[in-house]
Structures are given as C-alpha cells and as structure tokens.
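Model, not experiment: these values are computed from the prediction.
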Amino acid sequence: MPALCLGGISPPQEYTLSEIIQLGLQYNPHLLARQSELAAQEKAYQAARLLVNPKLVLTTGQGKTYEKLLTRRTRSLVLEQEIENPFKRQARLQAVAAGWRASQAAYDYFKLELTSLLKEHGYHLLLIDQQLEIAQKKLESITKMSSLIQAKADLGEVKPLDALKLQVEAQQALNEKQSIDYQMEMAKMELNSLLNNRLPPAFKIKGTLAYSPLDQREDELIQLAFQQNPLLQEKKAAVEQVQNELTAKRWARFPDLTLSAFSSREIGGQKQGIGLSFSLPLWNFKSREINSLQYNLAKEQQELAALQLEISLKVRLQLRRLQLVAKSIQLFQENILKMAQESLHLSSVSYQEGEIALIDYLDAQRTYYSVLNDYFEQLYQWQLEKIALEKIIGEELQ
C-alpha cells in the first residue's frame with residue numbers, strides 16, 4: 001500500500017518504461033485474445049497428430065439352411081483401423097505445424113505492435129512532462145518579474161504599461177501550463193487503457209528523453225530484419241504450409257490402407273481372419289487440387305519476394321529519417337541551445353540596464369523556451385523514428 005504524505009494525499013507511483021511494457025503484455029485484453037487464438041492453434045496441431053479412431057462393427061441375427069433343417073444364431077465382429085499413408089501423414093503434419101508457426105508469427109507481430117504503441121505513449125508522457133517543467137519555469141519567471149515590475153510601477157520607476165504587459169504575459173503562461181496539465185491527464189488515460197487500467201490515476205513515468213546514436217550499418221539492419229521481422233516469418237511459414245499441403249495432396253494419390261480383423265459365427269461354423277482394403281484412384285486422381293495448390297504456392301512465393309523488397313526499402317527509408325532527426329538533435333546540442341541561452345542572458349542584462357525595451361526581453365524569453373520545446377520535440381521524434389525502425393526489424397535496438 002503506498003505511503004501517505006501530509007494531508008492524506010498519496011504521492012504518484014513511478015514506473016519505468018520496461019515495467020509499463022510488462023504490464024501491457026500481461027493485461028492488454030486484445031493481446032490476451034490473441035494468446036487464446038494461438039493456444040487453439042497448438043491444440044489443433046496436437047489433435048492432427050492423433051490416429052483415426054478404429055471402427056467396430058457388431059452384427060447378430062438368425063440363420064437357416066436352405067433346406068430349413070438347421071437354425072442357428074449367427075454373429076460377427078469386425079474391427080477396422082485406417083492406416084494413413086506415412087508420406088502423406090508426414091507432409092500433412094508439417095503443413096499443420098507451419099500453420100501454427102504462421103499464427104505464432106502473427107501473434108509476435110501483434111505483440112510487437114503493442115510494445116511499440118506502449119513505448120510511443122510512454123515517451124509522449126515524458127515529452128509532456130518536459131513541456132510541463134518548461135511551462136512551470138516560464139510561469140515562475142514571469143510571475144516573479146511581474147511582481148517586481150509592478151512594485152517599480154507603483155513607485156513610478158517604470159511605465160505602468162510594462163507592468164500590464166507582464167500581467168498579460170503571466171496569464172498566458174498560466175493558460176499554457178493548464179493546457180499542458182490537461183494534455184498530461186488525457187495521455188495518462190490513453191496509456192492506462194492499453195494496460196486494462198492497471199495503473200493508479202496519478203502514476204508517473206520514470207526516465208528522460210535521451211538520445212544515443214545507432215551503431216548498426218544499413219546492411220546489418222536489413223539482414224536482421226530478414227531474420228526477425230514477424231510479418232516476414234509469417235509469410236515464410238505460409239509458403240512452407242502450402243508446400244507441405246501440395247506434397248500431402250500428391251501422396252494422396254496413393255490410397256490409405258484399412259486393416260481389419262474379424263470373427264464370425266455362421267451356420268456352417270466359425271470364421272476368423274484379417275483383411276486389408278484400399279481405394280483405387282480411378283476417377284479422382286487429385287489433379288484439380290494439385291494444380292490449385294501449385295498456383296497458390298507460386299502466389300505465396302511471389303508475395304514473399306515482394307515483402308522482402310518492401311522490408312528492405314522500409315529499413316533504408318526509416319534509417320534515413322532517423323539520421324535526419326539525429327543531425328537536428330546534434331545541431332541543438334552543439335549550437336542552438338547555447339545560442340538561445342546566451343541570447344536570453346544578454347537580453348536580461350540589457351533590459352535591466354535600460355538598453356532594450358520590455359517587449360524585446362519578452363521576445364528573447366519566448367524564443368528561449370520555444371527552442372527548449374523544439375529540442376525536446378526532436379528528442380521525442382527521434383524515439384518515434386527509432387521505434388518505427390525497431391518495428392520493421394522485429395527487435396529492440398541498442
């Protein structure tokens with residue numbers, strides 16, 4: 001149970017992004033539904049491995065000779081067991097297993113999508129938290145300055161118009177902070193809904209918007225995507241499934257066997273033995289089904305090749321977007337942030353010495369806070385682009 005601070009108000013509970021993702025994977029109802037579908041596919045595969053149930057035929061009756069000299073009760077017992085062609089059975093089971101792997105890959109992709117969405121919401125909360133901190137500093141600075149200028153205006157040291165301008169500026173800063181507070185509340189509700197509302201309303205995300213360049217080369221990322229991308233693995237499994245279905249259908253031209261054992265009591269005596277039966281493929285040689293599967297296999301193979309080209313292109317384009325945002329972040333870190341901070345400092349000194357008007361100082365202050373917001377927006381955008389690249393590749397990038 002969380003501790004209570006003064007006044008009986010519970011402090012916000014903090015969660016790392018990793019903890020948020022684990023909660024989502026554990027409680028998201030859509031993912032849980034996909035897990036049930038995947039479990040059903042596993043049960044279907046296990047059921048496909050079972051042998052066909054044997055058939056038991058029991059008959060009884062009354063028998064007479066043609067001369068009607070002898071009457072005797074007759075009965076028969078026949079046990080039949082269908083034995084599937086072992087080559088067809090192996091291909092059929094491999095087809096079912098490939099379908100199961102395709103379902104697993106589809107589940108992995110949905111899980112990857114959910115993880116990406118949780119990351120996006122988490123980083124959005126971190127961005128809003130930074131914006132809220134900037135808005136709070138801006139409000140405190142303007143409020144403090146407004147009080148000071150109002151005091152000087154009461155003494156006649158500055159124009160009353162300057163005090164009025166600062167009051168308007170302070171009101172705008174307050175409205176901006178309240179708007180960001182509302183955005184924070186809405187963003188928390190959206191994230192919590194993905195977790196089936198498992199978090200307390202006043203939760204907080206630990207961490208900051210960080211930036212660290214990627215070391216992987218383009219060709220390495222493409223090869224990694226070919227190995228890990230769930231959609232690509234699903235399509236590969238679909239190709240394998242059709243290949244095995246085609247093999248099973250070809251082996252179906254060779255009939256299954258039915259092994260039987262019988263025991264019967266007839267008028268003339270007792271008869272026991274075993275039998276073997278199979279169907280003759282005279283009228284249906286599976287040609288239509290085989291041709292259909294061949295066309296379907298060609299389609300799946302072409303779609304696999306197209307998907308590989310698409311994923312390769314997506315990796316290249318997404319890497320370019322990530323690099324572009326990285327260059328922008330580097331410009332902020334190397335030049336823009338320092339220049340904006342120096343400009344604000346010079347404007348503050350110049351205004352205090354009477355060299356510039358209040359409106360010029362306020363413009364410099366707006367520019368500084370705008371630059372800070374733009375910088376954190378770029379950090380947030382870099383995380384979004386990285387998440388998009390990870391989604392294409394199929395795993396998290398360090």
Side-chain angles (χ1 to χ4, degrees), residues 13 15-50 92-126 185-205 224-242 244-245 296 299-300 303-304 306-308 310-311 314 318 383-384 386-397:
Q13 297 187 21
Y15 298 85
T16 65
L17 191 55
S18 298
E19 291 172 341
I20 292 293
I21 292 173
Q22 289 301 318
L23 286 173
L25 298 180
Q26 185 176 358
Y27 294 112
N28 182 269
H30 297 290
L31 186 64
L32 295 178
R34 295 297 182 100
Q35 289 177 356
S36 298
E37 293 179 3
L38 186 60
Q41 289 289 333
E42 180 181 2
K43 296 300 181 182
Y45 172 72
Q46 294 174 354
R49 295 175 57 88
L50 300 176
R92 178 179 62 82
L93 291 178
Q94 288 176 347
V96 177
W100 180 19
R101 288 196 298 274
S103 298
Q104 177 68 58
Y107 169 78
D108 291 340
Y109 181 71
F110 186 86
K111 182 178 177 181
L112 180 63
E113 279 191 318
L114 177 61
T115 302
S116 300
L117 188 59
L118 291 171
K119 285 183 178 180
E120 291 174 7
H121 281 279
Y123 285 121
H124 187 214
L125 283 175
L126 289 177
E185 183 183 357
M186 296 299 102
K188 285 184 177 181
M189 291 174 61
E190 291 177 356
L191 175 57
N192 209 358
S193 66
L194 295 174
L195 310 179
N196 204 8
N197 294 322
R198 292 286 173 169
L199 297 180
F203 74 90
K204 183 179 177 62
I205 302 292
L224 191 59
F226 285 170
Q227 297 171 4
Q228 301 293 335
N229 183 275
L231 289 179
L232 196 57
Q233 303 311 311
E234 181 182 6
K235 181 56 67 174
K236 289 179 179 178
V239 171
E240 185 179 347
Q241 182 179 5
V242 178
N244 285 292
E245 288 175 351
N296 192 22
K299 178 184 77 71
E300 294 288 346
E303 289 179 353
L304 174 60
L307 185 58
Q308 288 176 327
E310 180 182 348
I311 289 175
K314 282 184 176 181
Q318 192 58 43
Q383 293 292 349
L384 292 185
K386 182 184 176 185
I387 291 170
L389 182 59
E390 291 173 341
K391 187 175 177 180
I392 299 170
I393 291 174
E395 68 175 29
E396 185 173 358
L397 297 174

Kindly indicate whether the side chain of [X], heavy atoms from C-beta on, has any atom under 4.5 Å from the side chain of [Y].
| X | Y | value |
| --- | --- | --- |
| Leu17 | Tyr123 | yes |
| Glu310 | Leu307 | yes |
| Leu304 | Leu232 | yes |
| Lys299 | Asn296 | yes |
| Leu118 | Leu195 | yes |
| Gln13 | Leu199 | no |

If a pair satisfies side-chain hydrogen bond (donor to acceptor under 3.5 Å, both in side chains) and one of its residues is in residues 20-29, list it, with sequence neighbours excluded.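 Not a single pair qualifies under side-chain hydrogen bond (donor to acceptor under 3.5 Å, both in side chains).
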Show me the pairs that pass side-chain hydrogen bond (donor to acceptor under 3.5 Å, both in side chains) and involve residues 225-234, at least two apart or across chains.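 Those involving residues 225-234 do not exist here.
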Could you tell me the separation between the [atom1] atom of [X] and the [atom2] atom of [Y], rounded to the nearest 0.5 Å?
| X | Y | atom1 | atom2 | result |
| --- | --- | --- | --- | --- |
| Ile392 | Leu224 | CD1 | CG | 12.0 Å |
| Ser116 | Lys386 | OG | NZ | 12.0 Å |
| Leu194 | Ile21 | CG | CD1 | 11.5 Å |
| Ile205 | Glu19 | CD1 | CD | 9.0 Å |
| Leu125 | Glu190 | CG | CD | 9.0 Å |
| Lys119 | Ile387 | NZ | CD1 | 6.0 Å |

Listed once per pair and sorted, the salt bridge (Lys or Arg N to Asp or Glu O under 4.0 Å) pairs that draw on residues 102-117, sequence neighbours left out: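 Output for this query lists Glu113-Lys391.
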Output every pair passing salt bridge (Lys or Arg N to Asp or Glu O under 4.0 Å) with a member in residues 93-102, not counting sequence neighbours, ordered by first then second residue.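 Those involving residues 93-102 are Arg101-Glu240.
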Looking only at heavy atoms, which two atoms of [X] and [Y] are closest? And how far apart?
| X | Y | answer |
| --- | --- | --- |
| Ala237 | Ala102 | CB-N, 3.6 Å |
| Leu112 | Gly394 | CD2-CA, 3.8 Å |
| Gly99 | Gln241 | CA-OE1, 3.6 Å |
| Val242 | Glu300 | CG2-CG, 4.1 Å |
| Leu93 | Ala48 | CD2-O, 3.3 Å |

Could you tell me whether the side chain of Glu390 and the main chain of Leu397 form a donor-acceptor pair under 3.5 Å?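 The answer is yes, because a donor-acceptor pair under 3.5 Å joins these two groups.
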Could you tell me whether the side chain of Lys188 and the main chain of Phe203 form a donor-acceptor pair under 3.5 Å?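 It does hold such a pair.
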Could you walk me through whether Lys235 and Glu303 pass the side chain to side chain contact (heavy atoms under 4.5 Å, CB included) test, one step at a time? CA-CA 8 Å; Lys235 181 56 67 174; Glu303 289 179 353; 2.7 Å; yes
Would you please name every residue forming a ring pair (Phe, Tyr, Trp, His ring centres under 6.0 Å) with Phe226, sequence neighbours left out?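 Here no residue qualifies.
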Residues in ring pair (Phe, Tyr, Trp, His ring centres under 6.0 Å) with His121, at least two apart?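 For His121 there are no ring pair (Phe, Tyr, Trp, His ring centres under 6.0 Å) partners, ignoring immediate neighbours.
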I'd like to know whether Glu42 forms a side chain to side chain contact (heavy atoms under 4.5 Å, CB included) with Leu38, so could you lay out the CA-CA distance, the side-chain angles of the two residues, the decisive distance to 0.1 Å, and finally the verdict. CA-CA 6 Å; Glu42 180 181 2; Leu38 186 60; over 6 Å; no
May I ask you to check whether over 12 heavy atoms, not counting those of Lys43, lie within 6.0 Å of atom NZ?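 Not more than 12 within 6.0 Å, no.
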Please check if atom CE in Met189 has more than 12 non-hydrogen atoms from other residues, nucleotides or ligands closer than 6.0 Å.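 Count not over threshold, so no.
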